[in-house]
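Accompanying notes for the structure given below.
Just the heavy atoms: all of them, side chains too, but no hydrogens, waters or symmetry mates, feed the values below.
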Amino acid sequence: MNLRVRENPWRLMLAVNAAVLIGVFLHKISLPPYVPYIHLLVDYHFGFTKRALIGAIISLFEARVPVWLVFGLSGAIWLVTAGLFIRLFRRTFGFDAKHLPLFVFIAGSPFFLKNFMHTLGHFDIYGCLFAICLLLIPARSLAYVLLATVFATILILIPHIHLLMYVPTIAVIVALRYYLMQGVNRQNAAAGIASLVAIGLLFIAAQFYGTMAVPEAEFVAYLRGRMADPSQTNLLSFGYIWYQPLSKEILDTWQRLPHNLLGVPVFALLIWLHTPLWRYFRNLITALSSDAHRRIVVAATVAVSAGYLIMFGIVFDYSRWISNWAVCLFLILHAVKTLPASREVPLISTEDRKTMAFGWIVTLIPRVGIVRPF
């Protein structure tokens with residue numbers, strides 16, 4: 001075993017990543033679960049409400065919600081997501097030695113599974129989970145488009161910010177795996193347009209008509225009645241987000257902008273540390289056999305990135321946004337790999353010292369954070 005590690009240190013990086021993940025989990029459960037807990041309490045008791053789908057589902061089974069459910073539910077979703085991603089990587093690339101650096105830079109990235117562990121209880125991971133499912137499911141019929149629409153609908157009801165966070169990536173996966181491979185005809189084009197319109201209308205409804213209609217005191221009293229321990233009123237401190245209009249969210253974000261922009265150099269450094277992965281992604285695109293496919297992939301990547309730039313101006317959870325942006329690119333990379341290519345693409349080197357140094361640094365960084373770096 002020691003000889004195998006010396007011959008291929010990327011195996012050791014995987015072991016270290018596992019240890020870091022355990023450390024992130026232990027640190028996470030020692031912290032009080034503020035926002036994630038209140039999201040499990042809000043349901044549709046007062047009518048259609050944004051950010052309420054998960055709470056509504058829980059209310060079907062639990063009249064009073066214990067705090068531990070934040071970790072129980074999100075931990076289960078994390079395990080499912082990690083397992084499905086491993087299956088996806090195995091199917092797309094395989095787990096032979098030459099693909100280990102690629103796996104380390106993706107699965108071991110502080111943007112991905114480690115940061116999802118740190119943000120347990122937040123609902124970003126649901127978008128990643130649904131996107132992975134769409135990468136695993138065969139894309140041979142119109143049912144694929146309908147399933148993607150269902151996934152996007154669920155995501156917007158979980159929170160509506162998914163319209164910019166993961167719904168564009170889901171649309172890209174559908175475009176690359178279904179429309180580019182099966183071709184566009186009148187029927188599936190109409191279905192795609194109808195899906196986009198329906199998702200857009202649902203977002204408008206959630207954003208502008210999903211605000212809580214009752215006084216905040218009545219809302220908080222109802223939430224306290226759903227708590228397993230009503231004395232922990234500090235866990236309800238984020239109830240204002242169900243009353244806050246979009247204009248107030250933008251104002252808060254821009255007021256914090258000068259301070260939050262101090263983290264941009266750190267984000268840039270983290271992105272730079274993934275250079276071997278970005279270079280491989282670029283080579284995948286340039287190796288595509290169709291010029292049209294190359295242009296579509298580039299345009300789709302730009303569109304997904306533009307959605308995250310808009311989020312930067314609306315909500316100030318910058319570490320979450322930059323991490324999910326990177327995850328979206330990781331998933332799009334898998335979709336691009338399924339397109340016809342004109343030549344083989346060189347894999348990330350297992351011997352290059354600079355690449356190996358980047359791999360170790362990426363491995364040792366435990367996570368990116370929620371608002372500010374680390």
For Pro138, is there any backbone N or O sitting under 3.5 Å from a side-chain donor or acceptor partner on Tyr178?
no

Sole candidate of Phe112, Phe330, Phe116, Phe93 that passes ring pair (Phe, Tyr, Trp, His ring centres under 6.0 Å) when paired with Phe85:
Phe112

Atom pair CG (Asp124) and OG (Ser74), whose distance is rounded to the nearest 0.5 Å
11.5 Å

Trp10 side chain to Ala97 backbone, donor-acceptor under 3.5 Å
no

State, to 0.1 Å, how close Val336 and Leu288 come at their nearest heavy-atom pair, and which atoms those are.
O-CD2, 4.0 Å

Taking the side chain as every heavy atom from C-beta outward, state whether Lys337 and Tyr280 have any pair of such atoms under 4.5 Å apart.
yes

At what distance, to the nearest 0.5 angstrom, does CD1 of Ile137 lie from CZ of Phe151?
5.0 Å

Quick one: do Leu262 and Trp254 end up in the same hydrophobic cluster if we chain Ile, Leu, Val, Met, Phe, Trp and Tyr together by side-chain heavy atoms under 4.5 Å apart?
no

Are any side-chain N or O atoms of Arg51 and backbone N or O atoms of His160, one a donor and one an acceptor, separated by less than 3.5 Å?
no

Over all atoms of both residues, closest heavy-atom pair of Gly359 and Val104:
O-CG1, 4.3 Å

Give me the ring orientation class for Phe48 and Tyr44: parallel if the planes are under 30° apart, tilted from 30 to 60°, perpendicular past 60°.
parallel

Return the NZ to OG distance between Lys354 and Ser349, rounded to the nearest 0.5 Å.
12.5 Å

Look at the side chain of Tyr166 and the backbone N and O of Cys328, then say whether any donor-acceptor pair between them is shorter than 3.5 Å.
no

Parallel, tilted or perpendicular: which describes the rings of Phe130 and Tyr126, with under 30° parallel and over 60° perpendicular?
perpendicular

Whether Phe103 and Phe89 hold their rings parallel, tilted or perpendicular, with breakpoints at 30° and 60°
perpendicular

Look at the side chain of Thr49 and the backbone N and O of Gly47, then say whether any donor-acceptor pair between them is shorter than 3.5 Å.
yes

Taking every heavy atom of Val327 against every heavy atom of Phe111, the minimum-distance pair comes out as CG2-O, 3.6 Å

Assigning hydrophobic clusters by single linkage (Ile, Leu, Val, Met, Phe, Trp, Tyr; side-chain heavy-atom cutoff under 4.5 Å), is Leu146 placed with Leu136?
no

Run the side chain to side chain donor-acceptor pair (under 3.5 Å) test on Ser342 and Ser289 for me, step by step, so that the C-alpha distance in whole Å, both residues' side-chain angles and the decisive distance to 0.1 Å come before the verdict.
CA-CA 4 Å; Ser342 59; Ser289 57; over 6 Å; no

Is the shortest side-chain heavy-atom distance between Trp242 and Thr211 below 4.5 Å?
no

From Phe281 CZ over to Thr301 OG1, what is the distance, rounded to the nearest 0.5 angstrom?
4.5 Å

For Val20 versus Thr363, what's the shortest heavy-atom pair and its separation?
CG2-O, 3.9 Å

Could you walk me through whether Leu73 and Ile54 pass the side-chain contact (heavy atoms from CB on, under 4.5 Å) test, one step at a time?
CA-CA 10 Å; Leu73 176 61; Ile54 298 297; 3.9 Å; yes

Ignoring hydrogens and geometry, is there a side-chain-to-backbone donor-acceptor pair from Asn17 to Met13 under 3.5 Å?
yes

Check for me, please, whether Trp68 and Tyr37 land in the same ILVMFWY cluster - side-chain distances under 4.5 Å, paths through other members count.
yes

Could you check whether any side-chain N or O of Tyr318 sits under 3.5 Å from a backbone N or O of Asn260, counting only pairs where one atom can act as donor and the other as acceptor?
no

Please determine whether side-chain contact (heavy atoms from CB on, under 4.5 Å) holds for the pair Thr286 and Val345, giving the CA-CA distance in whole Å, both sets of side-chain angles, and the decisive distance to 0.1 Å.
CA-CA 9 Å; Thr286 57; Val345 176; over 6 Å; no

Does the side chain of Val214 come within less than 4.5 Å of Met212's, by heavy atoms?
yes

Charged N to carboxylate O under 4.0 angstrom, Asp252 versus Arg256?
no

How many angstroms lie between CD in Glu249 and CZ in Phe316, if you round to the nearest 0.5 Å?
9.0 Å

CD of Glu218 to CG of Leu223: how many Å apart, nearest 0.5 Å?
11.0 Å

Are Ile132 and His334 packed together at the side-chain level, in the sense that at least one heavy-atom pair is separated by less than 4.5 angstrom?
no

Test side chain to side chain donor-acceptor pair (under 3.5 Å) on Arg177 and Tyr144 and set out the steps.
CA-CA 10 Å; Arg177 297 198 65 226; Tyr144 187 75; 3.1 Å; yes

Side chains of Tyr179 and Val145: closer than 4.5 Å at any heavy-atom pair?
yes

Taking the side chain as every heavy atom from C-beta outward, state whether Cys133 and Leu84 have any atom pair closer than 4.5 Å.
yes

Strictly distance-based, threshold 3.5 Å: is any side-chain N or O of Asn115 a donor or acceptor partner for the main-chain N or O of Val368?
yes

Closest heavy-atom pair, Gln182 versus Ala139, reported as atoms and distance to 0.1 Å, is NE2-O, 3.4 Å

Whether His118 side chain and Phe25 backbone form a donor-acceptor pair below 3.5 Å:
no

Side-chain heavy-atom pair Leu176, Thr338 within 4.5 angstrom cut-off
no

Report yes if the side chains of Leu21 and Trp78 come closer than 4.5 Å at any heavy-atom pair, otherwise no.
yes

Is it true that Leu277 and Trp272 fall in one hydrophobic cluster, defined by side-chain heavy atoms closer than 4.5 Å?
yes

Side chains of Asp43 and Tyr222: do they bring a donor and an acceptor to under 3.5 Å?
yes

Ring-ring centroid check Phe238 His39, cutoff 6.0 Å:
no

Classify the ring geometry between Trp278 and Trp325 as parallel (under 30°), tilted (30 to 60°) or perpendicular (over 60°).
tilted

Minimal non-hydrogen separation, Val70 against Gly121, with atom names
CG1-CA, 4.0 Å

Main-chain N/O of Ile365 paired with Lys114 side-chain donor or acceptor, under 3.5 Å:
yes

Hphob cluster co-occupancy, Val264 + Tyr308, side-chain heavy atoms under 4.5 angstrom:
yes

